[in-house]
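Single-structure report; data block below.
Order of the sequence lines fixes the chain letters, A, B, ..., with proteins taken first and strands second; residue numbering starts at 1 for each chain. Nothing here was measured: the structure is a model prediction, and the numbers come from that model.
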2 protein chains.
Amino acid sequence: MNLSPGQLDILFQALGDPTRRAILDRLARGPATVTELSAPFEMALPSFLAHVRRLEASGLVETAKDGRVRTVTLVPGAFTPVRSWLDEQRAIWEGRLDRLDAYVQTLMQDNDDGT
Amino acid sequence: MNLSPGQLDILFQALGDPTRRAILDRLARGPATVTELSAPFEMALPSFLAHVRRLEASGLVETAKDGRVRTVTLVPGAFTPVRSWLDEQRAIWEGRLDRLDAYVQTLMQDNDDGT
DNA sequence: AAGATACTTAGGAGATCAGCTAATTATCCT
DNA sequence: AGGATAATTAGCTGATCTCCTAAGTATCTT
């Protein structure tokens, strides 16, 4: 279940834009068409569509065209690599804290023994 | 404990680069100087320093200069807004699943009653 | 068939990004 | 003082980003 090296880049970059995060927010409540999605934004449609395309390229979203309408759906599992990276990061940090903690314990025991 | 509107952008964008994530990875194991940090990278030092500056601007990292040496330290709490956003996202999605679930329950009960 | 609707393509402007080299500054060591 | 070390500044390049307008295509609807 390993991801390609650049996948995290693409995911984090996809999330690094307020319009795209707002789209995801909306989609977490259920699928929507491009025009429905675009309604809250003052942006021109081609600009907006580029954001949808970017989300699609990142895998966070899937789209399907039926007739002239394109429906966009959230892919909630696509967040997993992001969460995993954050969790690993925290694990490393906490591992460090644990070691520091253990070290302090050792110091204190030494102190008990020595004095 | 609210964050400024663009803060999430800055955080996600800071995380959207492999060099910067590698720096954070290293720093989770403890502070390091700029030169120490830069060792694993083939990049020229000014290019590398720009990444450190970017991390600093995002708040993920703090730096302090002592003599001619600048030491870089992870700020683990800075990840919180990112985690929060992801958690909210999941909560909305799961809320939706719950409602769908409740709806399905309702349908099934109606079916039990009706047939 | 004609008009409305929903995207889509093409192309371009201006900003930001990630990298580089060359030169500078500030500190430390001898 | 003078050289080595650590970081910094300045300035440049090519790529990518985000937005735009104008025009095109495909699909309903009447």
Arg54(A) side-chain N/O to dC17(D) phosphate OP1/OP2 under 4.0 Å = yes
Non-hydrogen side-chain atoms of Glu62(B) and Val72(B) separated by less than 4.5 Å = no
Spacing of Thr63(B) atom OG1 and Leu37(B) atom CG [to the nearest 0.5 Å] = 11.0 Å
Do Thr73(B) and Val61(B) have side chains that get closer than 4.5 Å, going by heavy atoms?
-> no
Canonical and wobble pairing (Watson-Crick, G-U, under 3.5 Å) of DNA chain C, dot-bracket with | | ||||||||||||||||||||||||||||||
Take atom CD of Glu56(B) and atom P of dT8(D), then tell me their distance rounded to the nearest Å.
-> 9 Å
Check whether any side-chain nitrogen or oxygen of Arg68(A) sits under 4.0 Å from OP1 or OP2 of dT8(C), and answer yes or no.
-> no
Spacing between His51(A) atom NE2 and dC20(D) atom C1', to the nearest angstrom = 12 Å
How close or far is atom C1' of dC17(D) from atom CZ of Phe48(A), stated in whole angstroms?
-> 17 Å
Do Phe41(A) and His51(A) touch side chain to side chain, with heavy atoms closer than 4.5 Å?
-> no
Take the protein atom CG of Leu49(A) and the nucleotide atom P of dA22(D), then report the distance between them rounded to whole Å.
-> 19 Å
Whole-Å distance between dT16(C) P and Asp9(B) CG?
-> 14 Å
Heavy-atom side-chain proximity of Leu11(B) to Gln7(B) below 4.5 angstrom = yes
Contacting residues from residues 36-45 of chain B, given that a heavy atom lies under 4.0 angstrom of DNA chain C = Met43(B), Ala44(B)
Separation of Arg20(A) atom CZ from dC19(D) atom C1', in whole Å?
-> 12 Å
Ser47(A) side chain near dT18(D) phosphate (N/O to OP1/OP2, under 4.0 Å) = no
Please state how far atom CD in Gln13(A) lies from atom P in dA18(C), giving the value in whole angstrom units.
-> 8 Å
Could you check if a side-chain atom of Arg21(B) sits within less than 4.5 angstrom of a side-chain atom of Asp9(A), using non-hydrogen atoms only?
-> yes
Quick one: is Lys65(B) getting a side-chain N or O under 4.0 Å of the dA6(D) phosphate, OP1 or OP2?
-> no
Please report, rounded to the nearest Å, how far the C1' atom of dC17(D) is from the CG atom of Leu55(A).
-> 14 Å
Have a look at Thr19(A) and say if it touches a base, only the backbone sugar-phosphate, or nothing, with a 4.0 Å heavy-atom cut-off.
-> nothing
With under 30° as parallel and over 60° as perpendicular, where do the rings of Phe79(B) and Trp85(A) fit, or are they tilted in between?
-> tilted
Can you check whether Leu27(B) reaches Trp93(A) side chain to side chain, under 4.5 Å on heavy atoms?
-> no
Would you indicate whether the side-chain heavy atoms of Glu36(B) and Thr33(B) approach each other to under 4.5 Å?
-> yes
